[in-house]
Each structure stands twice: as C-alpha cells, then as structure tokens.
Amino acid sequence: MKFIFADSLDYVDPAFDFIADRSPAERQPYWDDAYPHEILGYAPYDGVLVSKGIVGDHRVKGKYTASQARRFELVGARKFLRLDKPEFAHLDIFGDCGAFTYVNEERPPYSPAEIAEFYDDCGFTHGCSVDHIIFDFDVAAKGLDGGSNDAKDRFEITLENADAFRREAKAIDALFKPLGVVQGWSPDSMAEAARRLVAMGYDYLALGGMVPLKSPEIKQCLAAIREVVPPATRLHILGFAKADDIDSFHSYDIASFDTTSPLIRAFKDAKQNYYLPGNGLGLRYFTSIRVPQALENPRLQRTVKRGVFRAEDLVTMESAALSSLRAFDRGEAGIEETLQNVLVYSAPLVEEKPFEDCKDSTSMVRLATRYRDTLESKPWKQCSCSICEHAAVDVIIFRGSNRNKRRGIHNLAVYKDHIERLDLKRALT
C-alpha cells in the first residue's frame, strides 16, 4: 500500500533561527527552502500528488505563483519538486485535477485532452481523469436511486470525461498510468461508476469525494466496488482524511492513497499535533504547546484593545513561556514552573482573560492536563529524525509556519514508518 503525500508547497527554511524567530533577510522561499524529503534526508512517502487546481492558471487561482506555475510546466513535476536525484527516482508522482477548487462550477474548467497533455508534459507517473465532485451521500440508496439532479449530472460528467481521458492518453501515447475517478452519492452508485470505468478499460481506479465521509461509509463504498470489479483492479483513495485509521482498511486491498493529514494535523488539530510510534502497531499523539507571537496573534490583540492586557505584559508572558520551555529542555527548569508559565500565557488564548480568573475552568484544566502529558513525556527527545534533533523543544511549540510545518514533516516520517509496519503485518498474516 503506497502512501502518497498531497503536496501544496509544503517546505520550510533550513536556516530559520528559532531564538531570533526569523529567517535570513536574503531568504528566497522555494529556492532556499527544503521539501520534506530534503530536510529529512529521505522521502517520508512513496510518492507525491500534485493537483492541477493547486498549480492553478488563468481559470483557477491556485497556490502557486504565476512564475512557479510556469516553471512547473517548463521543467516538469519531478525537477520542480526536487525529486530528480537518483535516490528519489523510484517515487511516484500522481496528478489530479483538484476538484475542490472548482466545486461550484457547472462543469470542470479542464478538458480531458488538456489534462492528459498536462500530465504527460510534466512527467507525472500517474494521472487521474477529470472528475466533478459529488458531496451528496446516502448509504441506503439502492442502485442509481437517490441523489440530486446535480449529483447525477456530475456522475455522468465524470464518466464521460474518464472515457475521453483514457482515449486521449492512448492517442498521445502517454507515459503516465491513467486512473479513472469514481464519483457517486452512495455505495451502489460508486460501484456502478467503478463497473463502467473497468468496462472502459481502466484497471486502476481513484475514489473521489471521500473527504467528508466517515470510515464506516468509506468501507461500505470500498466493499460495494470490490464486489463488481475484477480482483486485479487497483484502488486509490483520493484525499484520505481518515489516514490514521488506515490499518482497519487493509481487507479492502487498497493499492495507494493520498493525504496531507499527518502534516496538517500538526497545526490544525486541537489535540493531536505530534506523532510517535505507539505500542504495537498504533500511533501516540501529543498536544503541541501554543506560544504564538504576542504582537501578531489576533486573539491576543483583541485582549489588548479591550484593555484586559497591555501589549508589553503579553510580550513578557510570551518570553517567560519560551524561556521556561527551553530551560526545561536543558534540564534547568522543573515541570511545575514551566507549566505555570505556559498556562499563564495560554489563558488569554483560551479564555481571553488572566490565568488567575480562569485557571479552574474546564477548558484550562483540560489544557493543563494535555500540556503536562507533553512535558512529562518529552516526545521530541524520543525521536531521532533530523527535525527533532535540530529543532529540539521548538518542534513541539505551536508557533509560526517554520515550527509547525517542521512538526508536520516529523509526523510524515512517523506515519510512513507506521504504514510500513502495517504492510509487514499484512504480509505475515
């Protein structure tokens, strides 16, 4: 089972100064920054997925700048992602259309011929057909019953595009492997889409529209699809948001999936921000310790405008929290002192009032418990990856992109190891 990382220009500055809290003045993002496989020294994934919608163009505003998009198409995906070294030659590069970026359009803005040419010109190893995402979902709908008129239109558009896309890829003698995208509003409708795609000649299918579904619903879709496609048909899950639950999906014989979950949970999850291998085949999670910039955080600035705090007091509290964490890491401060300084600074973030006025609130008690667990465990000292060895306690501090994405890159490395352990277990059973 291949873990494909869905990239969105997720790189960090190797020269970032954690003490001064800044990058070098001459830093040029992208050119000076490092992708996960560069800063770790190895690839914490089996491949990378890039969406056309993320690259962008004159029709869809992507995340790339105009010059980055031009360079991507000029030099190709592998060189742009700096995967053109021999040690990365085995990595797959998947492409999809990024259906979320045009979800409100009546039809996708890209033609099958255009996307096939884009994949081929940019050197993708795998390319998904042009789909139109369906958000309706009714687990009880039978056959092609249920589903709104819009859902049924998108179902047919996706299949028509898939048929044309496969023919276009064949016509240009494309070097990438075409994947037919499955969209539907129920397990039965997705199974019918899969059946039709196999009849077109596809032997590798990508399941779309999975992001909002719960694990049991995704499994029902997989089970329905497996009943109607040949056993040799490979399945890929697009945007697999339930990545931490991947071990329960082994029986569905998934060939690959893409996700950003381990990275984005480093800074978007309320509790589970830092990964470590757990007992057996599981994962352990720790809460990162939030120490935002006092003069830049909007919530902290609201407390200043309301007169709850003075800006200089917040700066003093911020400094005390950071200093305590670093002293604790060096063994020069105790856990109680460190936790106190961190919580005093956290109170304005959680309750927007001083710690003494809210220290007994349920939210503060829960936060104190999670922070205590993180400090007592010192998870950053249990990891030997280059991120944790260099950043030390700063990897657990929730503060700015260079720390937060480093923590996410660490998570990718732990997650890749998790997948490999699951695959080994599967091979032995």
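What you see is a predicted model; the values in this text were computed from it and never measured.
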Problem - Residue from R407, R326, R406 passing salt bridge (charged side-chain N to carboxylate O under 4.0 Å, His left out) with D394 - result: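 Answer after filtering R407, R326, R406: R326.
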Could you tell me whether [X] and [Y] have their ring centroids closer than 6.0 angstrom?
X: F18; Y: F16; result: yes
X: F124; Y: F176; result: no
X: H132; Y: Y102; result: yes
X: Y275; Y: Y285; result: yes
X: Y119; Y: F94; result: no

Problem - Test log, rule salt bridge (Lys or Arg N to Asp or Glu O under 4.0 Å), inputs E192 and R196 - result: CA-CA 6 Å; E192 174 60 16; R196 294 190 196 180; 2.9 Å; yes
The criterion is salt bridge (Lys or Arg N to Asp or Glu O under 4.0 Å); which residues satisfy it with [X], sequence neighbours excluded?
X: D244; answer: R265
X: R370; answer: none
X: E389; answer: none
X: D247; answer: none

Donor-acceptor pair, [X] side chain versus [Y] backbone, under 3.5 Å?
X: S346; Y: V342; value: yes
X: S51; Y: I54; value: no
X: T260; Y: A6; value: no
X: T158; Y: V182; value: no
X: S377; Y: P379; value: no
X: T303; Y: L300; value: yes

With sequence neighbours excluded, what pairs up with [X] under the side chain to side chain donor-acceptor pair (under 3.5 Å) test?
X: D258; value: H236
X: D84; value: none
X: D417; value: R421

Side chains of [X] and [Y], heavy atoms from C-beta outward: is any pair under 4.5 Å?
X: T287; Y: Y274; answer: no
X: D10; Y: K405; answer: yes
X: K2; Y: I419; answer: no
X: Q382; Y: R284; answer: yes
X: C97; Y: I115; answer: yes
X: H126; Y: I93; answer: no
X: L179; Y: L205; answer: no
X: W380; Y: H410; answer: no

Between side-chain atoms of residues 208-224 and protein atoms elsewhere (two or more places apart, or another chain), which donor-acceptor pairs fall under 3.5 Å?
{"unit_1": "S215", "atom_1": "OG", "unit_2": "D245", "atom_2": "OD2", "d": "2.8"}
{"unit_1": "E217", "atom_1": "OE1", "unit_2": "K214", "atom_2": "N", "d": "2.9"}
{"unit_1": "K219", "atom_1": "NZ", "unit_2": "S248", "atom_2": "OG", "d": "2.9"}

What is the minimum heavy-atom distance between [X] and [Y], and which atoms define it?
X: V130; Y: P108; value: CG1-CB, 3.7 Å
X: G53; Y: T101; value: CA-OG1, 3.7 Å
X: V291; Y: E318; value: CG1-O, 4.1 Å
X: V181; Y: L197; value: O-CD1, 3.5 Å
X: P262; Y: N411; value: O-ND2, 3.0 Å
X: L295; Y: A311; value: CD2-CB, 4.0 Å

Handout entry: H250 atom NE2, over 12 foreign heavy atoms within 6.0 Å
Key =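 Counting other residues, nucleotides and ligands, NE2 of H250 exceeds 12 neighbours.
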Problem - Listed once per pair and sorted, the salt bridge (Lys or Arg N to Asp or Glu O under 4.0 Å) pairs that draw on residues 94-118, sequence neighbours left out - result: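 As it turns out, the salt bridge (Lys or Arg N to Asp or Glu O under 4.0 Å) pairs with a partner in residues 94-118, which skip direct neighbours, are R59-E114.
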Problem - salt bridge (Lys or Arg N to Asp or Glu O under 4.0 Å): pairs with one or both residues in residues 286-298, sequence neighbours excluded - result: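 Output for this query is empty, none listed.
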[X] [atom1] to [Y] [atom2] distance, which is reported to the nearest 0.5 Å:
X: L314; Y: L349; atom1: CG; atom2: CG; answer: 9.0 Å
X: D163; Y: E168; atom1: CG; atom2: CD; answer: 10.5 Å
X: E351; Y: L367; atom1: CD; atom2: CG; answer: 10.0 Å
X: S8; Y: I264; atom1: OG; atom2: CD1; answer: 10.0 Å
X: I172; Y: D120; atom1: CD1; atom2: CG; answer: 4.5 Å
X: I289; Y: T338; atom1: CD1; atom2: OG1; answer: 8.5 Å

Practice task
Decide ring-ring contact (aromatic ring centres under 6.0 Å, His included) for F135 and F100; before the verdict, give the C-alpha distance in whole Å, the side-chain angles of both, and the deciding distance to 0.1 Å.
Solution key: CA-CA 10 Å; F135 283 120; F100 279 100; 5.7 Å; yes
Handout entry: Qualifying residue for ring-ring contact (aromatic ring centres under 6.0 Å, His included) with F240, from F257, Y415, F5
Key =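 Exactly one option meets the ring-ring contact (aromatic ring centres under 6.0 Å, His included) with F240, and it is F257.
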Handout entry: Distance-only donor-acceptor check, side chains Y204 and S256, under 3.5 Å
Key =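 Result is yes, a qualifying pair exists.
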Problem - Modelled atom types, side-chain donor and acceptor of S189 and S186, under 3.5 Å - result: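 Short answer, yes.
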Exercise for the section: Give the C-alpha distance, both sets of side-chain angles, the deciding distance and a yes or no for side chain to side chain contact (heavy atoms under 4.5 Å, CB included) between R366 and T369. Expected result: CA-CA 5 Å; R366 288 175 178 171; T369 300; 5.7 Å; no
Practice task
Provide the full list of side chain to side chain donor-acceptor pair (under 3.5 Å) pairs with a residue in residues 171-185, sequence neighbours left out, each pair given once.
Solution key: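 For residues 171-185: D131-Q183, K177-D203.
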Exercise for the section: Would you list the pairs meeting side chain to side chain donor-acceptor pair (under 3.5 Å) in which at least one residue belongs to residues 21-46, sequence neighbours left out? Expected result: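 The answer is D13-S23, D21-R399, D21-R403, R27-D33, Y30-R71, H37-Y45, E38-R82, D46-K416.
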Practice task
Show your working on side chain to side chain contact (heavy atoms under 4.5 Å, CB included) between H418 and F3 and close with a plain yes or no.
Solution key: CA-CA 10 Å; H418 174 60; F3 162 40; over 6 Å; no
Problem - Geometric cation-pi criterion, K271 with F286: 6.0 Å, 45° - result: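 No.
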